[in-house]
Amino acid sequence: MSRVDGKKKIKLSAMAKREERWALLFVAAPAIGFLLFMAWPIIFAFLTSLTTWNGAKGFEGMINRFCGFDNYIKLFSDAKFWKTLLTTIIYLIGIPCGMILGLLFAMGMNRKIPGVRVLRTMYYVPVISSLVAVSILWAWVYNYDYGLLNVIIKALTGMHGPNWLGDEILIKVSMIIFMVWKGLGTSIILYLAGLQNIPRTYYEAAMVDGANGWQQFKNITLPLLSPVTFYILITSLIGGFQVFVEVQVMTTNGGIGYSAATIVYYLYEKAFESFQLGYASAIAIILAVIIFIITLINFVMQDKWVKTID
């Protein structure tokens, strides 16, 4: 084996050939993984979305139920689809709330205070806890009759608390509060790492110039934390559009009037309860397109507000 560099051919040594084979092997592993676990499922989902397949008779049953773009046409006139999409978008309100709280807590934990390591651990525990387990726990907290939240409200006010999971508006508020709590630890840790990466000399120079605390925060902290903010925003948006477990565990049939159901919950119902795999795949493709467009817009716009340390 040889390599051409201009007009000169360079013959590779046995060791170089062996290293090249190993390099190709390491490159092939993620490439094969992407093709098997990302590219092929996406292609298969799109092909399935062009059928009315219910999972019976394998690939033959899928081919025999080809319907073109009928699922997509039906989807855009499906009131439940639009309702669940709107609910999913409403849940995204929790993202900026979680980011603001995460930054505030991170700034507090960035100081030398007693027990700060214990606090950091406590706030990160929900992140690594089982989502199903903490969803069951919060369902108990929100319980109308004996939930901890209503017990506290009654002890403080003498009045019974509201039905948190039995009201079409309050159930959304309850889910947002839970999601913010669950993801707060991630924002805190990431912002804390970003704060500790900002050189102290920037703040010292600002103080010499007479900048107060707010001016330092506005002109140094926020701009230099923008890469962290961008990362949290992107990952939170992607995760926010895929909310499912919380709704499945904490509500019954998507909540009263289907008020808590998300687009992924609706997808699950169509696929594994109604066995409309073609229709569910169409929902999945539309969801993937929405996530892709939103992510692309954020990446295009990042140059206007994301700053880095030179």
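Values below: every heavy atom of this structure, side chains too, minus hydrogens, waters and symmetry copies. In this chain, residues are counted from 1 in sequence order. Predicted, not measured: the structure shown is a model, and the values here were computed from it.
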To the nearest 0.5 Å, how far apart are [atom1] in [X] and [atom2] in [Y]?
X: Ser174; Y: Leu165; atom1: OG; atom2: CG; result: 5.5 Å
X: Met179; Y: Leu131; atom1: CE; atom2: CG; result: 9.0 Å
X: Ile283; Y: Ile286; atom1: CD1; atom2: CD1; result: 9.5 Å
X: Cys97; Y: Leu184; atom1: SG; atom2: CG; result: 11.0 Å
X: Leu75; Y: Phe69; atom1: CG; atom2: CZ; result: 13.0 Å
X: Thr84; Y: Leu287; atom1: OG1; atom2: CG; result: 9.5 Å

Determine whether a donor-acceptor pair (N or O, by modelled atom type, separation under 3.5 Å) exists between the side chain of [X] and the backbone of [Y].
X: Lys182; Y: Val127; value: yes
X: Ser274; Y: Gln276; value: no
X: Arg65; Y: Asn54; value: no
X: Glu273; Y: Lys270; value: no

Do [X] and [Y] get their side chains close enough for a donor-acceptor pair, meaning under 3.5 Å?
X: Ser49; Y: Tyr72; value: yes
X: Trp164; Y: Asn143; value: no
X: Tyr203; Y: Thr221; value: yes
X: Tyr279; Y: Asp78; value: yes

If you count the non-hydrogen atoms of other residues, nucleotides and ligands that lie under 6.0 Å from [atom1] in [X], is the total more than 12?
X: Phe272; atom1: CZ; value: no
X: Ile169; atom1: CD1; value: no
X: Trp305; atom1: CH2; value: yes
X: Phe66; atom1: CZ; value: yes
X: Asn219; atom1: CG; value: yes
X: Met207; atom1: CE; value: yes

Is any side-chain heavy atom of [X] closer than 4.5 Å to a side-chain heavy atom of [Y]?
X: Ile198; Y: Ile220; value: yes
X: Asn150; Y: Pro162; value: yes
X: Leu267; Y: Phe244; value: no
X: Asn110; Y: Gln196; value: yes
X: Arg21; Y: Leu24; value: no
X: Val116; Y: Ile113; value: yes
X: Val134; Y: Trp181; value: yes
X: Phe217; Y: Leu222; value: yes

Tabulate below the donor-acceptor pairs under 3.5 Å that side-chain atoms of residues 224-241 make, not counting sequence neighbours, or state none.
{"from": "Ser226", "atom 1": "OG", "to": "Pro223", "atom 2": "O", "distance (Å)": "2.5"}
{"from": "Ser226", "atom 1": "OG", "to": "Lys307", "atom 2": "N", "distance (Å)": "2.6"}
{"from": "Ser226", "atom 1": "OG", "to": "Lys307", "atom 2": "O", "distance (Å)": "3.2"}
{"from": "Thr229", "atom 1": "OG1", "to": "Tyr191", "atom 2": "OH", "distance (Å)": "3.0"}
{"from": "Thr229", "atom 1": "OG1", "to": "Leu225", "atom 2": "O", "distance (Å)": "3.2"}
{"from": "Thr235", "atom 1": "OG1", "to": "Tyr231", "atom 2": "O", "distance (Å)": "2.9"}
{"from": "Thr235", "atom 1": "OG1", "to": "Ile232", "atom 2": "O", "distance (Å)": "3.2"}
{"from": "Ser236", "atom 1": "OG", "to": "Ile232", "atom 2": "O", "distance (Å)": "2.6"}

Shortest non-hydrogen contact from [X] toward [Y]:
X: Ser135; Y: Glu246; result: OG-CA, 3.9 Å
X: Ala45; Y: Ser281; result: O-CB, 3.3 Å
X: Thr262; Y: Val243; result: OG1-O, 2.6 Å
X: Val132; Y: Val245; result: CG2-CG1, 3.9 Å

For [X] and [Y], take the angle between the two ring planes, folded into 0 to 90°, and tell me which bin it lands in: parallel under 30, tilted 30 to 60, perpendicular over 60.
X: Phe76; Y: Phe81; result: perpendicular
X: Tyr258; Y: Tyr266; result: perpendicular
X: Phe44; Y: Trp53; result: perpendicular

State yes or no: do [X] and [Y] share one hydrophobic cluster built from I, L, V, M, F, W and Y residues joined by side-chain heavy-atom distances below 4.5 Å, directly or via other members?
X: Leu86; Y: Ile294; result: yes
X: Tyr265; Y: Ile256; result: no
X: Ile171; Y: Tyr144; result: no
X: Val180; Y: Ile93; result: yes
X: Ile153; Y: Val151; result: no

| field | Over-ring placement of Lys172 relative to Tyr91, 6.0 Å and 45° cut-offs | value | no
| query | Are Phe299 and Thr295 close enough, and set up right, to give a side chain to side chain contact (heavy atoms under 4.5 Å, CB included), and what steps lead you there? | reply | CA-CA 6 Å; Phe299 271 97; Thr295 304; 3.6 Å; yes
| How is the hydrophobic cluster of Phe37 composed, in terms of its other members, when Ile, Leu, Val, Met, Phe, Trp and Tyr link through side-chain heavy atoms under 4.5 Å apart, directly or indirectly? | Ile32, Leu36
